[in-house]
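These notes concern the structure reproduced below.
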Amino acid sequence: MPELPEVEVVRTGLEPCLVGRRIESVTCHRTGLRYPLPDMASLHGCLITAVRRRSKYLLIELSDERVLVWHLGMTGQFHVLHKDVPAGKHEHVRINLDNDTSLRYRDARRFGYAGLLAAGEQATHPWFAALGPEPLGDAFDGACLSSRCRGRKAPIKTVIMDAHVVVGVGNIYAAESLFRAGIHPARAAGAVSAARLERLATCIRAVLGEAICAGGSTISDFVRADGRPGYFAHAFQVYGRTGLPCFVCGGAIKRIQQSGRSSFYCSHCQH
DNA sequence: CTGAAGACCTGCCTGC
DNA sequence: TGCAGGCAGGTCTTCA
């Protein structure tokens with residue numbers, strides 16, 4: 001289910017387990033996930049030098065300057081386990097390291113995907129070239145959001161979920177951010193005032209930051225690299241709370257469909 | 001061009 | 001108990 005906070009939590013969990021380790025072998029239990037897997041055998045002998053993140057992509061950097069890029073899709077999980085632990089259900093890839101552990105990739109729905117990029121290729125690769133700013137970085141603020149909402153008739157919720165506008169805001173955190181900012185999810189993005197977009201940008205940053213601190217949100221199957229769950233789901237104000245009372249005004253939380261996805265909001269608190 | 005909807009794949013929950 | 005139907009995190013592609 002990962003949105004940006006979940007991917008960041010996975011990254012911080014993997015970093016100490018992977019950096020400085022050498023890859024001894026790779027086992028793939030299938031040839032592709034959403035797309036065909038890259039040449040995983042070529043990872044043999046590589047040293048892992050860093051584990052970074054851009055948007056919802058995990059970037060595993062290698063000593064030969066290549067980068068193993070991995071997107072978790074909706075149900076992808078990484079675990080670092082002892083090499084003798086047998087493959088679990090839906091384990092598709094296993095990367096054996098030089099300390100008797102192995103990195104396992106599990107993904108029930110197989111919406112995840114991976115790529116192996118050469119040095120310098122990342123900036124121009126289609127997965128990265130058109131991405132908007134990181135929501136927690138310096139480049140994202142109210143002015144940035146305003147400029148990208150100007151003239152747009154699409155609902156504000158679909159605009160903040162558009163990775164060309166800002167990366168990492170998925171269905172859950174879009175709903176939570178809009179609630180906190182008091183903005184109705186169906187309002188046309190171009191019709192939201194600059195002052196309210198400023199507030200929304202602040203709320204997006206706050207919600208994502210708090211979610212990372214809480215270890216992400218565990219909806220159904222998100223777990224961290226060490227198998228522990230995240231705790232941010234306990235802090236949801238609107239997501240998944242259809243019919244339950246709003247914590248602010250007591251009114252019933254509503255659910256609508258937008259672009260085929262569920263949106264949750266309080267009609268009294270959000271306009 | 002913009003925005004909406006469909007496709008990808010599996011598991012889980014609900015209701016009959 | 002069994003089964004059909006609806007629903008789910010993300011992104012890319014297609015269609016109007």
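Keep in mind it's a predicted model, so treat the numbers as computed, not measured.
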Paired with A:Tyr57, the side-chain hydrogen bond (donor to acceptor under 3.5 Å, both in side chains) test is passed by just one of A:Tyr113, A:Trp70, A:Trp127, namely A:Tyr113
Fit a plane to each ring of A:His90 and A:His92, take the angle between them on a 0 to 90° scale, and name the class: parallel (under 30°), tilted (30 to 60°) or perpendicular (over 60°). tilted
DNA chain B base-pair string [pairs: Watson-Crick or G-U under 3.5 Å; |: paired with another strand]: .|||||||.|||||||
Does A:Ser259 or A:His90 map to a spot on DNA chain B nearer the 5' end, using the closest nucleotide for each? A:Ser259
OG of A:Ser63 to CD of A:Glu65, rounded to nearest 0.5 Å, is 9.0 Å
With a 4.0 Å cut-off on N to O distance, would you call A:Glu176 and A:Arg180 a salt bridge? no
Would A:Glu134 and A:Arg54 pass as an ion pair if we require N to O under 4.0 Å? yes
Within the distance-only criterion (no hydrogens, no angle test), does the side chain of A:Gln237 pair as donor or acceptor with the backbone N or O of A:Ala235 below 3.5 angstrom? yes
Determine yes or no for a side-chain-to-main-chain donor-acceptor pair under 3.5 angstrom, with A:Arg94 supplying the side chain and A:Lys83 the backbone. yes
Name each donor-acceptor pair under 3.5 Å that joins a side chain in residues 32-45 of chain A to protein atoms two or more places apart or in another chain, with its distance.
unit_1, atom_1, unit_2, atom_2, d
A:Asp39, OD1, A:Ala41, N, 3.4
A:Ser42, OG, A:Asp39, O, 2.7
A:Ser42, OG, A:Arg66, NH1, 2.9
A:His44, ND1, A:Glu24, O, 2.7

A:Leu4 side chain reached by A:Arg53 side chain, heavy atoms, under 4.5 Å: yes
Opening and closing nucleotides of DNA chain B in contact with chain A, under 4.0 Å to non-hydrogen atoms: B:dG3 to B:dG11
Name each donor-acceptor pair under 3.5 Å that joins a side chain in residues 145-156 of chain A to protein atoms two or more places apart or in another chain, with its distance.
unit_1, atom_1, unit_2, atom_2, d
A:Ser146, OG, A:Gly142, O, 3.1
A:Ser147, OG, A:Cys144, O, 2.8
A:Arg148, NH1, A:His164, O, 2.8

What residues 148-160 of chain A contributes to the DNA chain B interface at heavy-atom separation below 4.0 Å is A:Arg152, A:Lys153, A:Ala154, A:Pro155
Nucleotide-resolved protein contact map, nucleotides 11-16 of chain C, B/S/- at heavy-atom distance under 4.0 Å: BS----
